[in-house]
Amino acid sequence: MVLLTALLACSGPDGGDTATAAAPRACNGSAALCDRQLDEVVLAVAHNAMNVEDEGWDYPNQHHGYEQQVADGIRGFMLDVYLEGDVTTLCHADCSLGSEPLPEALDRFTALLDQHPSDVFVFVIQDETEAAPIVAAFEAAGLVDRLIVPPAAGEPWPTLGALVDAGTQLLVTHEKAQPGAPAWYPAAYDLAWDNDYSSQSVDDFDCAALRGDRANPIFLVNHFLTVGLASDALAAEANPEAVIRDHVDRCEAETGDRVNWIAVDFYDVGDVVAVVDALNAR
């Protein structure tokens with residue numbers, strides 16, 4: 001009798017199940033993105049993501065740390081890695097101006113991957129040391145099994161859904177030639193190409209290839225201003241929706257390539273996440 005009562009409680013007047021259907025999985029915030037290949041998805045990227053005002057770094061490029069960046073929609077992270085003594089360390093040019101041991105940062109990102117199991121993140125590492133100590137840091141963090149190995153040249157990228165289902169949520173790339181690096185630590189500009197990163201005014205934003213081959217599947221647009229240093233005022237010029245869309249639309253029209261990654265300073269000034277959402281909704 002108890003079992004019958006329980007069954008009736010879960011059924012409507014006609015005996016049908018009234019339980020609410022499970023919501024569709026959302027990858028990087030959108031159900032539609034689960035069926036798109038990684039090179040078909042647009043990501044907002046924090047330039048010098050570790051160089052954070054809230055954490056006491058001098059001359060920052062971002063206001064908030066990784067946790068708030070992720071909460072606000074950032075899924076790409078440009079990180080500079082140096083070797084300080086025998087410790088792989090995140091710094092921006094001068095470690096006396098701010099630093100974080102890479103192992104500590106990887107612990108934070110491991111927690112973020114756990115908290116966002118249906119999301120895919122990307123690192124672009126400016127590697128100011130050889131591959132071995134960086135590789136060792138990822139191995140020690142227990143992250144290797146969660147790292148994305150790019151497909152062979154000419155093969156399609158997996159969809160976000162397939163990557164998530166495989167438990168691989170993080171693509172880690174690096175900028176410099178690193179002979180012998182493992183397959184999960186590819187050269188960024190073997191996969192991507194980018195434009196100039198030294199713009200001093202919005203009129204300087206261009207679409208010409210700087211690094212990488214335009215035949216590569218991922219188009220990284222550097223969309224930040226540096227006049228000596230990054231600043232809120234420069235971000236306020238660069239990051240309004242109309243300015244970002246003008247740059248993106250112009251680059252796509254000039255090159256015939258879809259923009260994939262948009263790198264900005266002070267992502268919370270302006271509208272980069274809204275622009276990314278709109279681009280992903282196309």
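Since we're looking at a predicted model, the values are computed, not measured.
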Do Val81 and Asp127 have side-chain heavy atoms sitting under 4.5 Å apart? no
Heavy atoms of Pro101 and Val87 approach each other most closely as CB-CG1, 4.1 Å
Which pair of non-hydrogen atoms, one from Ala131 and one from Ala181, has the smallest distance, and what is that distance? CB-CB, 4.4 Å
Contact summary for Pro156 and Gln37, nearest pair of heavy atoms: CB-OE1, 3.9 Å
Cluster link Val70 to Val269, ILVMFWY, side chain under 4.5 Å: no
Which heavy atom of Phe219 sits nearest a heavy atom of Arg258, and at what distance? CB-O, 3.4 Å
Verdict with reasoning, Ile125 to Glu175, per side chain to side chain contact (heavy atoms under 4.5 Å, CB included): CA-CA 6 Å; Ile125 291 178; Glu175 291 188 350; over 6 Å; no
For Glu100, check salt bridge (charged side-chain N to carboxylate O under 4.0 Å, His left out) against everything at least two apart and list the hits. Arg108
To the nearest 0.5 Å, atom CZ of Arg214 lies from atom CG of Asp194 at 13.0 Å
Any pair counted as ring pair (Phe, Tyr, Trp, His ring centres under 6.0 Å), so long as it reaches residues 37-57, sequence neighbours left out: His47-Phe224
Any donor-acceptor pair under 3.5 Å from Asp206 side chain to Asn195 backbone: no
With clusters built from Ile, Leu, Val, Met, Phe, Trp and Tyr whose side-chain heavy atoms come within less than 4.5 Å, directly or transitively, what are the remaining members of the cluster of Val120, listed by chain and number? Leu33, Leu38, Val41, Leu43, Val45, Met78, Val122, Val124, Ile148, Trp157, Leu160, Leu163, Val164, Leu171, Tyr189, Leu191, Ile218, Leu220, Trp261
Which residues pass the side chain to side chain donor-acceptor pair (under 3.5 Å) test with Gln169, not counting sequence neighbours? Arg146
Has Asp271 got a side-chain atom pairing as donor or acceptor with Glu241's backbone, closer than 3.5 angstrom? yes
Counting N and O atoms only, with roles assigned by atom type, does the side chain of His174 sit under 3.5 Å from a partner on the main chain of Pro186, one being a donor and the other an acceptor? yes
Are Tyr197 and Val221 connected into the same hydrophobic cluster when the rule is that any two of I, L, V, M, F, W, Y join if their side-chain heavy atoms are below 4.5 Å apart? no
Contacts of His63 that satisfy ring pair (Phe, Tyr, Trp, His ring centres under 6.0 Å) - sequence neighbours left out: Phe266
Using salt bridge (charged side-chain N to carboxylate O under 4.0 Å, His left out) as the criterion, list what pairs up with Glu237, not counting sequence neighbours. none
Report the relative orientation of the aromatic rings in Tyr267 and His64; use parallel for angles under 30°, tilted for 30 to 60°, perpendicular for over 60°. perpendicular
Taking only residues two or more places apart in sequence or in another chain, which ones pass ring pair (Phe, Tyr, Trp, His ring centres under 6.0 Å) with Tyr82? none
Between side-chain atoms of residues 273-282 and protein atoms elsewhere (two or more places apart, or another chain), which donor-acceptor pairs fall under 3.5 Å?
| from | atom 1 | to | atom 2 | distance (Å) |
| --- | --- | --- | --- | --- |
| Asn280 | OD1 | Val42 | N | 2.9 |
| Asn280 | ND2 | Val42 | O | 3.0 |
| Asn280 | ND2 | Val276 | O | 3.4 |
| Arg282 | NE | Leu279 | O | 3.2 |
| Arg282 | NH1 | Glu252 | OE1 | 2.8 |
| Arg282 | NH2 | Glu252 | OE2 | 3.2 |

Start with the C-alpha gap between Ser99 and Glu84, add the side-chain angles, then the distance that decides, and say whether side chain to side chain contact (heavy atoms under 4.5 Å, CB included) holds. CA-CA 10 Å; Ser99 66; Glu84 287 289 292; over 6 Å; no
Roughly how far, to the nearest 0.5 Å, is CZ of Arg245 from CD1 of Ile262? 8.5 Å
Does Ala192 offer a backbone N or O that forms a donor-acceptor pair with the side chain of Asn216 under 3.5 Å? yes
Gln178 side, atom CD; Ile134 side, atom CD1 - distance, nearest 0.5 Å: 6.5 Å
Would you say Val149 and Val172 are hydrophobically clustered, going by side-chain heavy atoms of ILVMFWY under 4.5 Å? yes
So, for Pro133 and Leu83, which heavy atoms are closest and what is the spacing to 0.1 Å? CB-CD1, 4.1 Å
Point-to-point distance, once rounded to the nearest 0.5 Å, from CD of Glu254 to CG of Asp249: 11.0 Å
Using a 3.5 Å distance criterion without hydrogens, assess whether the side chain of Thr226 forms a donor-acceptor pair with backbone atoms of Leu229. no
Suppose we screen for salt bridge (charged side-chain N to carboxylate O under 4.0 Å, His left out). Which residues come up paired with Glu128, at least two apart in sequence or across chains? Lys176
To the nearest 0.5 Å, how far apart are CG in Asn239 and NE2 in His223? 5.5 Å
Sequence neighbours excluded - ring pair (Phe, Tyr, Trp, His ring centres under 6.0 Å) pairs with any residue from residues 89-114: Tyr66-Phe109, Phe77-Phe109, Phe109-Phe123
Take Asp257 and Trp193 through the test side chain to side chain contact (heavy atoms under 4.5 Å, CB included) and record every step on the way to the result. CA-CA 11 Å; Asp257 293 336; Trp193 66 279; 3.4 Å; yes
To the nearest 0.5 Å, how far apart are SG in Cys91 and CG in Asn48? 11.5 Å
Hydrophobic cluster membership, Leu106 vs Val52, 4.5 Å side-chain cutoff: no
Closest non-hydrogen atom pair between Thr255 and Cys207, with its separation: CG2-O, 3.9 Å
Students should find that the hydrophobic cluster of Val202, defined by side-chain heavy atoms under 4.5 Å apart, otherwise consists of Phe205, Leu225, Val227, Leu234, Val243
Restricting to pairs with a member in residues 24-35, which pass side chain to side chain donor-acceptor pair (under 3.5 Å), not counting sequence neighbours? Arg25-Asp165
Say whether Leu113 and Met50 are linked into one hydrophobic cluster, either directly or through other cluster members, by side-chain heavy-atom distances under 4.5 angstrom. yes
Report yes if the side chains of Gln115 and Glu67 come closer than 4.5 Å at any heavy-atom pair, otherwise no. no
